[in-house]
Engineer: 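Below is a structure I'd like to ask you about.
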Amino acid sequence: WLAAALILPFITLRYGELLLVGPDLNVFYTLGISLAAVCLLDDFFSPGSTMPLWKKLLLALSVAAAAIYILPRSDYGYNGLALALLIFAAHHKRLLQSAVMALWCWMMYGYSGIFLTASLAPCILILLYNGKRGKAFKMGFYLIYPLHLLILFFVGRLII
C-alpha cells in the first residue's frame, strides 16, 4: 500500500473535467498518513502490544517516509497530521481536544468569517460526544462525502 501511495503523485486520472487523481493530492492522503501515525503511536504506548520492536521501527520509518514524501502535496499537509496527533494525544480529554481543534482552526483560517465558523462546528460535536457509540448509520456516513462533493460540483457548474 505504501508503494502504491508513493506512485500515485505521478499519475493523473481524469473523468471528463473532474480530476480524480493528480499531482496535488487530496485530503485522503493526509487522513491515511494520520491514521497510520495514530495507530502506530497507539501500539507503541499500549502495554499489551505484541508487535516486535523491529516491526514497530520499520513501520515508523515507513510512515515518516510517506509523510515527508506525500504530505507537502496533499490537502492540509503537515498541519493535518499535527491536528490528528494532537487530538490523539488528548483522546481522553474532550475539552482539551475541542481547544486544540479551535486553535488549529484559528491558525489555519484566521478570522476568515464563514471558514472559521464552519470549521469550529466540530468543536461543538467533540464537546457533545458522550463516549458511547451512537446508532448505526453506516451507509449514511459512506455516502456523505461523495454526495457533498457531487453537490458542490453541480453548484460550481451552475455558478460558472
Side-chain angles (χ1 to χ4, degrees), residues 1-9 20-149 152:
W1 287 108
L2 183 59
L6 294 175
I7 291 169
L8 282 175
L20 300 173
V21 176
D24 293 325
L25 303 174
N26 64 33
V27 72
F28 287 114
Y29 288 91
T30 306
L31 289 172
I33 291 171
S34 298
L35 177 63
V38 165
C39 289
L40 189 61
L41 283 175
D42 189 42
D43 192 65
F44 256 105
F45 296 111
S46 291
S49 175
T50 58
M51 187 184 299
L53 182 60
W54 70 269
K55 280 188 180 180
K56 289 180 185 182
L57 293 174
L58 183 62
L59 285 172
L61 286 172
S62 299
V63 170
I68 290 168
Y69 181 70
I70 292 172
L71 285 181
R73 289 189 294 280
S74 66
D75 291 347
Y76 297 104
Y78 294 115
N79 294 329
L81 176 62
L83 176 64
L85 294 176
L86 288 170
I87 286 180
F88 172 73
H91 67 281
H92 290 299
K93 300 169 185 80
R94 286 194 307 263
L95 186 59
L96 184 56
Q97 283 182 329
S98 190
V100 164
M101 184 71 183
L103 180 63
W104 186 86
C105 291
W106 178 74
M107 288 175 60
M108 288 294 292
Y109 302 112
Y111 293 105
S112 177
I114 188 106
F115 289 113
L116 181 61
T117 304
S119 63
L120 289 175
C123 297
I124 296 167
L125 295 175
I126 290 169
L127 290 173
L128 292 175
Y129 179 61
N130 64 3
K132 297 178 184 173
R133 185 177 182 165
K135 293 181 181 178
F137 190 57
K138 194 174 185 178
M139 188 51 93
F141 289 110
Y142 285 121
L143 292 175
I144 286 174
Y145 191 78
L147 285 178
H148 100 276
L149 288 179
L152 290 173

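For clarity, every value in this text was computed on a predicted model and none was experimentally measured.
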Engineer: Do you know which two heavy atoms are closest between Pro72 and Ala67, and how far apart they sit?
Structural biologist: CD-O, 3.6 Å
Engineer: Counting only heavy atoms not in Met107, do more than 12 sit closer than 6.0 Å to its CE atom?
Structural biologist: no
Engineer: Return all side-chain donor-acceptor pairs below 3.5 angstrom for residues 120-132, not counting sequence neighbours, or 'none' if the list is empty.
Structural biologist:
unit_1	atom_1	unit_2	atom_2	d
Asn130	OD1	Lys132	N	2.9

Engineer: Backbone N or O of Leu31 within a donor-acceptor pair of the Tyr76 side chain at under 3.5 Å?
Structural biologist: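 Here the side-chain-to-backbone pair does not exist.
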Engineer: Only counting residues at least two apart or in another chain, list the ones meeting side chain to side chain donor-acceptor pair (under 3.5 Å) with Lys56.
Structural biologist: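 Scan of Lys56 (side chain to side chain donor-acceptor pair (under 3.5 Å), adjacent residues dropped) gives Ser49.
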Engineer: Identify the heavy atoms of Ala84 and Val38 that sit nearest to each other, and give their distance.
Structural biologist: O-CG2, 4.0 Å
Engineer: Do you know which two heavy atoms are closest between Leu81 and Thr30, and how far apart they sit?
Structural biologist: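 Heavy-atom minimum between the residues: N-CG2, 4.0 Å.
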Engineer: Working to the nearest 0.5 Å, report the span between CG of Leu58 and CG of Leu53.
Structural biologist: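 That separation rounds to 11.0 Å.
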Engineer: Which pairs, with at least one residue in residues 83-105 and sequence neighbours excluded, count as a side chain to side chain donor-acceptor pair (under 3.5 Å)?
Structural biologist: none
Engineer: Please tell me if the side chains of Phe44 and Leu57 come closer than 4.5 Å, counting only heavy atoms from C-beta onward.
Structural biologist: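 Of all side-chain heavy-atom pairs linking Leu57 with Phe44, at least one is under 4.5 Å.
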Engineer: Would you check, one step at a time, whether the test side chain to side chain contact (heavy atoms under 4.5 Å, CB included) holds for Leu35 with Phe88?
Structural biologist: CA-CA 10 Å; Leu35 177 63; Phe88 172 73; over 6 Å; no
